[in-house]
**Q** 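Can you read through this structure? Questions will come right after.
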2 protein chains.
Amino acid sequence: MSVTIKDIAKLAGVSHTTVSRALNNSPLIQEETKERIRIIAEQMDYTPNYSAKSLVLDRSYNLGLFFTTLSQGTSAGFFYEAIRGVNSVIQDRYQLIVKGIDDYTSFHSITRKSFDGIVVVSQSDDDQAIIDHIASKGIPQVVLNRPVETSGVLNVLSDEEQGAFLAASYLIEQGHKRIALIEGRKGFKSAQNRKDGFERAMRHYQITVPPAYRMPGLYDLESGHKAMQQFLTLDERPTAVFCCNDEMALGAMKAVSEAGMNVPNDISVVGFDDTVFAAYVTPALTTVRRPIEQISREGALRLLGNIENKQHETEQLLLKTELIVRESVRLLTP
Amino acid sequence: MSVTIKDIAKLAGVSHTTVSRALNNSPLIQEETKERIRIIAEQMDYTPNYSAKSLVLDRSYNLGLFFTTLSQGTSAGFFYEAIRGVNSVIQDRYQLIVKGIDDYTSFHSITRKSFDGIVVVSQSDDDQAIIDHIASKGIPQVVLNRPVETSGVLNVLSDEEQGAFLAASYLIEQGHKRIALIEGRKGFKSAQNRKDGFERAMRHYQITVPPAYRMPGLYDLESGHKAMQQFLTLDERPTAVFCCNDEMALGAMKAVSEAGMNVPNDISVVGFDDTVFAAYVTPALTTVRRPIEQISREGALRLLGNIENKQHETEQLLLKTELIVRESVRLLTP
DNA sequence: CACATCTATGCACACGTTAACAATAGTCTT
DNA sequence: AAGACTATTGTTAACGTGTGCATAGATGTG
């Protein structure tokens, strides 16, 4: 059917071994022989059979890109940036295989033979199981976005606690004292980190947050909307609301305007993530930017380094987040 | 290193052929032998080597999912929904390999050996080259999202012309006569279709659109913003603006509010795509919903059908779009 | 009982590639 | 000029799996 090195060999009047060596640019083969063979291969439109290569070289040329879930809870922008980041560094060398971890009923099929390396974009503590499995199989991996306990695993993430601290501090510095919190999805590490940064800022500036000023959330528009509706029913309403991501912040702003009030004049809002639309809503959302694309690029680069140099660098890289000040927070003068 | 069928054979006291047949549930093997072998395989934690299988069976177990570009112009939500749709139907049977078409410097490596089938999510006429290449290699394929000329290719898309017609007609039915258009990215088929639907509605209701009421766009927030700024400088401003996607509509709304004006009271806006945030901006955006996830699911299903039944069904499936009425269009009373 | 038929299993090879080792011819060294 | 060395190419086996054909035993048939 398709052209093999044996076909080329026949035409070139050499052995298939010579063809193999020539095409792999082995120093054993004479330069002019190589050139002759390359030309013939080109003419015959030869493409190597990667299954055969994989079998003998024990490399799959596959790079896994695993997300906690593909069906819910992952924001589209996050997903997109992560794929872009990884894709930008792998070039032609690997095939990028995208999976949702929750699609696996068993990790049985995840082996050294099927993946040269795996990028786990982890958003939940539950991912620990697959991370351990990958580690136990000895497959090179890098875990992005979430701090990971397993030692000896590459780990690249942004300092979300610091980002949340920045944003919460900013609210206080703008004169706010009655500050409410809409939390992230339970079980997601980011939810915990962002909350921690918020709490640290409150402690640092000695602000107390009453229980009524805390609402759970699911990282989606709906739950932000609901939470803000709750806050608005309170006798003593908060003057500012810290939302653990931008989508909930949008939902919250929606609730404010539905109640005939205005952001930021009646109530201030900050988000987290700097999603692509944050700059374009009205008012433009003040938020915290995570360098996701950079995270996934740095992670993929280090992973490829480990794969190709057969080393086992293990490092935790913490990239800085950045507060993006826009229009959704009002300066409160006493 | 890892367990092979020969290891199992040794332990079971049979030939590796028997093991192979047993694990593939061949009718040639006695039921109790099968069961015995299955148990041993389980205990030894056997996983088949897919490179070896691929080599002999001439199947890669790979499904390509190709986007026009991963680096620009593709909206995150679109991307996300497409992957979700395809992923939901492939289960464990295939690996999903995501690629940007513009990452290829040569299509040379795209062969029957490396892909059992390919889903091309096409957003540009330029994709015709890769579609033809895939067809010429005899690889089963389905083209989503864009009508394709090549005959004998599965094709699933939404009727965007009809969607645009719906939205534009809605503006007119709400009493608007001075209607402007912000076009989509040049070269993208969707840009053409949406414009066509818009024009048909104008003709149908005998509305003329002056040249100053037409602005080019790039499908991003920036260009929508710019275009609307232009419209606002006109002496006779349009009362409604049809934006060829939601992101540009957001940019446009931003420009309106920056000018101290209000949507929909001063100017009405419609978008296209029903992106996830359309419902949550202020005012909520009236737009057209494309069933992307359904498109990619239906497309993937038909593709798998063709692969697994070795048939070559060729069909064009046109899925209906839907107008989602929200708050960004005002009822104009004469 | 002789023969045909059926059932369950094994043998040997194939898939396309790489690599250890062998072979050949030419060159250098002393 | 013989031996050692080098440069280039070929021979053969190996990777793990599936399959056509052969085989051995069991069963049926007249």
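What you see is a predicted model; the values in this text were computed from it and never measured. Below, each value reflects all heavy atoms present in this structure, side chains not excepted, and no hydrogens, waters or symmetry copies.
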**Q** Shorter than 3.5 Å, N or O on both sides, protein versus nucleotides 18-22 of chain D: list them out with atom names.
**A**
| unit_1 | atom_1 | unit_2 | atom_2 | d |
| --- | --- | --- | --- | --- |
| D:dG18 | OP1 | B:Asn24 | ND2 | 3.0 |
| D:dG18 | OP1 | B:Lys53 | NZ | 3.1 |
| D:dG18 | OP2 | B:Ser20 | OG | 2.5 |
| D:dG18 | OP2 | B:Asn24 | ND2 | 3.3 |
| D:dG18 | O6 | B:His16 | NE2 | 2.9 |
| D:dT19 | O4 | B:Thr17 | OG1 | 3.1 |
| D:dG20 | O6 | B:Arg21 | NH2 | 2.8 |

**Q** Report the distance from atom CG of A:Asp58 to atom C1' of D:dA14, rounded to the nearest whole Å.
**A** 13 Å
**Q** Starting at atom CZ of B:Arg112, determine the distance to atom P of C:dC15, rounded to an integer number of angstrom.
**A**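 Value for this atom pair: 17 Å.
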**Q** Go through the steps to decide whether B:Asp127 and B:Thr68 satisfy the test side chain to side chain donor-acceptor pair (under 3.5 Å), and finish with yes or no.
**A** CA-CA 7 Å; B:Asp127 298 335; B:Thr68 298; 2.7 Å; yes
**Q** Going from CZ on A:Phe188 to CD on A:Gln123, what distance comes out if it is rounded to the nearest 0.5 angstrom?
**A** 5.0 Å
**Q** Quick one: closest heavy-atom pair of A:Val148 and A:Gln316, and the distance?
**A** N-NE2, 4.4 Å
**Q** Among B:Ile130, B:Asp126, B:Val121, find the residue that satisfies the side chain to side chain contact (heavy atoms under 4.5 Å, CB included) test when tested with B:Ile101.
**A** B:Ile130
**Q** When you measure from the side-chain N and O atoms of B:Ser15 to the phosphate of C:dG10, is any distance below 4.0 Å, counting only OP1 and OP2?
**A** yes
**Q** One thing to verify: whether B:Lys137 and B:Asp132 come together as a salt bridge, which I'm taking to mean a side-chain N less than 4.0 angstrom from a carboxylate O.
**A**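 No, this pair does not count.
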**Q** Tell me whether the side-chain N/O atoms of A:Gln30 come closer than 4.0 Å to OP1 or OP2 in D:dT9.
**A** yes
**Q** Starting from C1' on C:dG16, measure out to NZ on A:Lys10 and report it in whole angstrom.
**A** 14 Å
**Q** Would you say D:dT9 has OP1 or OP2 under 4.0 Å from some side-chain N or O of A:Thr33?
**A** yes
**Q** If the threshold is 4.0 Å, N to carboxylate O, is there a salt bridge linking B:Glu81 and B:Arg84?
**A** no
**Q** Can you check the B:Glu31 CD to C:dT7 C1' distance for me, whole Å?
**A**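 For the pair B:Glu31 CD and C:dT7 C1', the rounded distance is 14 Å.
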**Q** In whole angstrom, give the distance that lies between atom CD of A:Glu32 and atom P of D:dT8.
**A**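 Rounded to the whole Å, the gap is 9 Å.
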**Q** Find out whether the Lys NZ or Arg CZ of A:Arg112 is both under 6.0 angstrom from the six-membered ring centre of A:Phe115 and within 45° of the ring's axis.
**A** no
**Q** Specify the separation, in whole Å, of atom CD1 of A:Ile8 and atom P of C:dT18.
**A**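 Rounded to the whole Å, the gap is 11 Å.
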**Q** In whole angstroms, how far is the C1' atom of D:dT6 from the CD1 atom of A:Ile29?
**A**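 It is 14 Å, rounded to the nearest whole Å.
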**Q** Over how many whole Å does the gap from A:Leu23 atom CG to C:dT18 atom C1' extend?
**A**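 Atom CG in A:Leu23 sits about 12 Å away from atom C1' in C:dT18.
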**Q** Within less than 4.0 Å of OP1 or OP2 of C:dG10, is there a side-chain N or O belonging to B:Thr18?
**A** yes
